[in-house]
Amino acid sequence: MEVLVEEAVEVVAQPDGEAPMSKEDFEALARFRFAVRSYLRFSEETVREHGLTPQHYQLLLAIKGVPGREWATVGELADQLQLRHHSTVELVDRAQGNGLVQRVADPDDGRAVRVVLTDRGQRMLSVLSPLHRDQMRRMAQALTPPRWGPDAAGT
């Protein structure tokens, strides 16, 4: 079934009150997506150069980034990493096998388990996270999402 480009464009519904996407809107989206992908590629290459997988770095960062505490549950990590529970369990298993994290019984709930960073996991974060912060600083303008609508005019 052949669909002409003009017909395909007409099928795209715009949210209520929104103007159709302009050429500049598409260019802004493309620039932002390129910047995000460039940052992710930097991250993937950097963590691999330091002997970690990108998934392990993301796991370590998710644990360290929990507000107000130094541990996380597998469920919280699954949510933070946007993974299924069983995939997160497997990731934690591999990270534990590599000495990056450990499971600790929750003193307040005998059924629950906390995932905490080991000294090795802490050291890896202390090396890798400043590199990521510095890269984000260099890319700050490119990683700023485009602004849309009437308030974006003149900015």
Side-chain angles (χ1 to χ4, degrees), residues 1 3 8-9 11-15 18 21 23-149 152 155:
M1 179 173 166
V3 177
V9 170
V11 174
V12 177
Q14 297 295 320
E18 288 287 328
M21 296 280 293
K23 173 69 170 138
E24 291 78 16
D25 290 339
F26 286 107
E27 291 170 5
L29 280 173
R31 276 191 310 273
F32 181 70
R33 194 215 173 276
F34 175 75
V36 168
R37 186 62 198 115
S38 296
Y39 174 78
L40 292 174
R41 183 173 181 190
F42 160 85
S43 178
E44 292 162 1
E45 291 174 353
T46 300
V47 299
R48 284 191 177 108
E49 288 170 5
H50 287 82
L52 286 186
T53 67
Q55 296 79 9
H56 283 158
Y57 175 70
Q58 291 169 25
L59 174 69
L60 300 178
L61 187 59
I63 294 167
K64 189 69 172 181
V66 173
R69 55 185 156 89
E70 297 289 323
W71 57 272
T73 66
V74 171
E76 290 170 330
L77 293 169
D79 185 52
Q80 186 69 25
L81 298 171
Q82 295 292 287
L83 296 173
R84 293 195 171 134
H85 188 272
H86 70 275
S87 298
T88 306
V89 168
E90 292 171 5
L91 179 60
V92 169
D93 287 345
R94 290 191 306 274
Q96 187 168 6
N98 288 324
L100 299 168
V101 302
Q102 63 184 29
R103 290 177 169 92
V104 177
D106 187 325
D108 302 324
D109 183 353
R111 301 166 297 165
V113 173
R114 296 177 175 183
V115 181
V116 299
L117 299 177
T118 62
D119 289 343
R120 179 171 187 257
Q122 293 276 11
R123 283 192 308 273
M124 295 304 293
L125 272 181
S126 71
V127 169
L128 291 168
S129 294
L131 299 173
H132 283 77
R133 180 194 58 206
D134 294 347
Q135 181 68 5
M136 286 189 78
R137 284 180 175 156
R138 285 189 291 276
M139 296 183 70
Q141 184 175 359
L143 287 170
T144 302
R147 294 182 55 183
W148 312 112
T155 59

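Atom CD of Q135 sits about 4.5 Å away from atom CZ of F42, to the nearest 0.5 Å. Atoms CG and OG1, from D93 and T88 in turn, are 10.5 Å apart once rounded to the nearest 0.5 Å. Atom CZ of R120 sits about 7.5 Å away from atom OG1 of T118, to the nearest 0.5 Å. Here L59 contributes atom CG and Q96 contributes atom CD; the two are 11.0 Å apart, rounded to the nearest 0.5 Å. Note that CG of D119 is 11.5 Å distant from CG of L100, once rounded to the nearest 0.5 Å. Distance CZ/F32 to CZ/R37: 14.0 Å, rounded to 0.5 Å.
Inter-residue side-chain proximity for H132 and L61 is flagged as unmet; no heavy-atom pair is nearer than 4.5 Å. Two residues are said to be in side-chain contact when any heavy atoms from C-beta on lie closer than 4.5 Å; L60 and L128 fail this criterion. For the pair L117 and M124, the minimum side-chain heavy-atom distance is 4.5 Å or more. Two residues are said to be in side-chain contact when any heavy atoms from C-beta on lie closer than 4.5 Å; L77 and L91 fail this criterion. L143 has its side chain within reach of V36: a pair of non-hydrogen atoms, C-beta onward, lies under 4.5 Å apart. Taking the side chain as every heavy atom from C-beta outward, D108 and R114 approach each other to under 4.5 Å. At a threshold of 4.5 Å between non-hydrogen side-chain atoms, the residues V89 and H85 count as touching. Side-chain contact between E70 and V116 is absent, with no heavy-atom pair separated by less than 4.5 Å.
Under the 3.5 Å distance criterion, the side-chain polar atoms of R31 are left unmatched by any main-chain donor or acceptor of P146. Between the S43 side chain and the L40 main chain, no donor and acceptor come within less than 3.5 Å of each other. Between the side chain of R69 and the backbone N or O of W71 there is at least one donor-acceptor pair closer than 3.5 Å. Distance alone, capped at 3.5 Å, is enough to place a donor-acceptor pair between the S38 side chain and the F34 backbone.
When all heavy atoms are compared, the tightest approach of Q58 to L81 is O-CD2, 3.7 Å. Shortest non-hydrogen contact noted between L125 and P130 is O-CD, 3.7 Å. A pairwise comparison of heavy atoms in A28 and W148 identifies CB-CH2, 4.2 Å as the closest pair. Closest of all the heavy-atom pairs between A35 and A142 is CB-O, 3.4 Å. Nearest approach of V101 to V92, heavy atoms of both residues: CG2-O, 3.9 Å. Of all non-hydrogen atoms in H56 and A95, the two that sit nearest each other are NE2-N, 3.5 Å.
A 6.0 Å sphere centred on CD of Q80 holds no more than 12 heavy atoms belonging to other residues, nucleotides or ligands. Summarising the local packing, CZ of R84 is surrounded by 12 or fewer heavy atoms from other residues, nucleotides or ligands at distances under 6.0 Å. No more than 12 heavy atoms of other residues, nucleotides or ligands lie within 6.0 Å of CZ in R33, so this atom counts as exposed by the packing criterion.
Under the rule for a salt bridge (Lys or Arg N to Asp or Glu O under 4.0 Å), the partners of E45 that lie at least two apart in sequence or sit in another chain are R41. Remark: V113 pairs with R103 by the side-chain contact (heavy atoms from CB on, under 4.5 Å) rule, at least two apart or across chains.
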- Checking ring pair (Phe, Tyr, Trp, His ring centres under 6.0 Å) for the pair H50/Y57: CA distance, chi angles, key distance, verdict? CA-CA 10 Å; H50 287 82; Y57 175 70; 9.9 Å; no
- How far apart are the C-alpha atoms of Q55 and L83, what are their side-chain angles, what is the distance that settles it, and do they pass the side chain to side chain contact (heavy atoms under 4.5 Å, CB included) test? CA-CA 11 Å; Q55 296 79 9; L83 296 173; over 6 Å; no
